[in-house]
Amino acid sequence: MVAIIGRPNVGKSALFNYILRKRLSIVHEQSGVTRDRLVSPCEHWGHKFLLVDTGGLGTHHKEKKVDLFDGMIREQVTEVISEATVLIWVLNCQEGITPQDEEVAEFLRKSGKPVVIAANKADNNEIRGQAFGLFAPLGYLDIHPTSCTHTAGASQLLDAVVKYLPEPEEEQLDEDAGEEQEDKRFKIAIVGRPNVGKSSLVNRLLGENRVMVSDIPGTTRDAIDVPVDLKYDDQVLQATLIDTAGMRRKKQIDTVVEFFSLSRSETAIKRCDIVIFMIDATDPCTTQERRIGRVIVDERKSCVMLANKWDIAGKSIKEGEFKKFVRERMPFMSHAPLQVISALNGYHVNGIVRHLLHVKAQMGVMVPTGVFNHFLQDTFARNPPPTVGMKRFKCFYGTMKGNNPPRFVLFVNKRSLCPANYLQYIQNQIRDAFFPEAGLPVVLDLRERTKMEDADATRKAAAGAKRAKEVDYQSEKRRINRQKGYRK
Ligand code: GDP
Ligand code: GDP
């Protein structure tokens, strides 16, 4: 984990966005409050890490954004910093060192974490040249001028950051590992009712975005699962299209009965990592579509919805109106991004691969506990839960338990005090902050804690256990040393 920190207004969020400059083409129109993105998976020279923007973490207090280094929430920042491997400390070249920066410096020294300075707002060569001299007195010498407005300096900054990260794991390439490799492939199920355009899409993906298909002669045609490397820009997604045989053979056999029995789609949905759910833009949201949607939700699969045949439908309806219609008819699919495409003329088809790459990256995100609790506090402060009778729903503490789909445990006072729409609000906020546009369902497990002390006790117990382990380790080391001395 790499955290971007610094006092307010130095450009933390700007730097975060600049580093993640690859914007997505599939837009997720989520109802209700949206928030800044806080955490994103990142890669630099093969080093994979989570980038955290503490600028986005600023707690909202009475509609005013209170920044991290405000005394109130210092404790929480400490937690975020303690979880990070490296810190990017953003400073403003145009203002130099301020008293607040000195305060931050002291804070960082205590943390003992490696710090790389982004001397930001270095918008011209003159300022760039002065950056080192300006900030060296702070005691950290890894100083790199950046300018977010001129998009300059991020790669040198990241070069410095990854020096503090563990070496990236070598990709396993030996042939024996072939099976394992196959397992690691991203499994994609393309589902939808007959004639929606699934075969056309598969052919387009295989024809245009393919760089390699497993070359088993002859058999490939009939294979149920087709391994395929899809590329977007310089990135390659090793994927397997699940159950494409039905689509390929369908011209020769009587398909309607066999291929469209829901059970077949169901099996494909169960086996996959992500569902591409195709609907017909000229006739969306039929009963059959709603049934398929239900299966996807029940199986808790990541999903992207593609409304095909937009070349026709787009002539009679505006995109916004169309999407609104689909959202209203299938509210249970609201977490899945919706994109209009045309498999026939290729409209927006390239964006699909880009999106799949994005989802795959999101699936690896484990939100650090410190960040998550800060986020929870902020989410509750922005929009407090309603009172039920004399009581109010409270959440003491939360933690991420796993991903794919992302699962979180919240320790709460009483489950029944949480209205369904409030739970939905928390889910939406989590999705926006940590898994934007990935179409991932977020699973929340509410566990009751009668008293705050109870939750505290859990935390203390965990910390105590960790300390106990360290102590044991220390005494073990002393014991071994004593033994060595004895032998001498
Ligand atoms: P944060 O509070 O630290 O997250 O700061 P923001 O990212 O919100 O940025 C604060 C202000 O600084 C915004 O108005 C940005 O447009 C501006 N800013 C950010 N980076 C640069 C930069 O490199 N050069 C200049 N001139 N302005 C910048
Ligand atoms: P499947 O049954 O879901 O595999 O659907 P097909 O790919 O076989 O497509 C059914 C029909 O829809 C074929 O006649 C395609 O040519 C047509 N079709 C597929 N995609 C599009 C599209 O984007 N626009 C239009 N106008 N027709 C399409």
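Side chains are part of it too, since the values below use all heavy atoms of this structure and drop only hydrogens, waters and symmetry mates. Atoms within each ligand, like the ligands themselves, are counted from 1 in listed order.
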Asks: Are any of the side-chain nitrogens in Asp298 or Arg294 under 4.0 Å away from the carboxylate oxygens of its partner?
Replies: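 Arg294 and Asp298: not salt-bridged.
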Asks: Any N or O of Ala122 that comes nearer than 3.5 Å to an N or O of ligand 1?
Replies: no
Asks: Taking the six-membered ring for Trp, are Phe380 and Tyr422 closer than 6.0 Å centroid to centroid?
Replies: yes
Asks: Could you list which atoms of ligand 1 come closer than 4.0 Å to a heavy atom of Ala14?
Replies: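 Those of ligand 1 that fall under 4.0 Å from Ala14 are 7 (O), 19 (C), 20 (N).
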Asks: Below 4.0 angstrom from a heavy atom of Ile312, which ligand 2 atoms are there? Numbered from 1 as shown, please.
Replies: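 What qualifies from ligand 2 is 26 (N).
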Asks: Which is closest to atom 21 (C) of ligand 2 by heavy-atom distance: Asp311, Asn308, Val349?
Replies: Asn308
Asks: Kindly say whether the aromatic ring centers of Phe135 and Tyr140 come within a distance under 6.0 Å.
Replies: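 Ring-ring flag for Phe135/Tyr140: false, centres at least 6.0 Å apart.
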Asks: Which option, Asn9, Asp53, Asn92, owns the non-hydrogen atom nearest atom 2 (O) of ligand 1?
Replies: Asn9
Asks: Without swapping roles, check the side chain of Ser316 against the backbone of Ala313 for a donor-acceptor pair under 3.5 Å.
Replies: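 Yes, the answer is positive, given that a donor and an acceptor are paired below the 3.5 Å cut-off.
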Asks: Begin with the C-alpha distance, continue with both residues' side-chain angles, and end with the deciding distance and a verdict on salt bridge (charged side-chain N to carboxylate O under 4.0 Å, His left out) for Asp159 and Lys163.
Replies: CA-CA 7 Å; Asp159 287 349; Lys163 275 191 223 140; over 6 Å; no
Asks: Short list, please: which atoms of ligand 1 are under 4.0 Å from a heavy atom of Cys148?
Replies: 20 (N), 22 (C), 23 (O)
Asks: Against heavy atoms of Ser147, which atoms of ligand 1 measure under 4.0 Å?
Replies: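 Matching atoms, with element in brackets: 23 (O).
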Asks: State whether the side chain of Gln238 and the backbone N or O of Phe186 hold a donor-acceptor pair below 3.5 Å, judged by distance alone.
Replies: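 No, because the side chain of Gln238 does not come within donor-acceptor range (under 3.5 Å) of the backbone of Phe186.
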Asks: Between Ile341 and ligand 2, does any nitrogen or oxygen pair lie at a separation below 3.5 Å?
Replies: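 Checking ligand 2 against Ile341, no N or O pair falls under 3.5 Å apart.
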Asks: Which heavy atom of Ala239 sits nearest a heavy atom of Ile188, and at what distance?
Replies: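 Where Ala239 meets Ile188 most closely, the heavy atoms are CB-CD1, 3.7 Å.
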Asks: State whether the side chain of Asn308 and the backbone N or O of Asp280 hold a donor-acceptor pair below 3.5 Å, judged by distance alone.
Replies: no
Asks: Once you restrict to heavy atoms under 4.0 Å, what part of Asn120 touches ligand 1? Side chain, backbone, both or neither.
Replies: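 Side chain only; the backbone of Asn120 stays clear of ligand 1.
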Asks: Salt-bridge test for Arg7 and Asp101: reply yes if a basic N is under 4.0 Å from a carboxylate O, no otherwise.
Replies: yes
Asks: Go through ligand 2 atom by atom and flag the ones less than 4.0 Å from a non-hydrogen atom of Lys198.
Replies: 1 (P), 3 (O), 4 (O), 5 (O), 7 (O)
Asks: For atom 28 (C) of ligand 2, which of Arg204, Arg193, Lys309, Met278 has the closest heavy atom?
Replies: Lys309
Asks: Is there a nitrogen or oxygen of Lys12 sitting under 3.5 Å from a nitrogen or oxygen of ligand 1?
Replies: yes
Asks: May I ask you to check if ligand 2 and Ser342 share an N or O to N or O distance below 3.5 Å?
Replies: yes
Asks: At under 4.0 Å between heavy atoms, is it the side chain or the backbone of Thr149 that contacts ligand 1, or both, or neither?
Replies: both
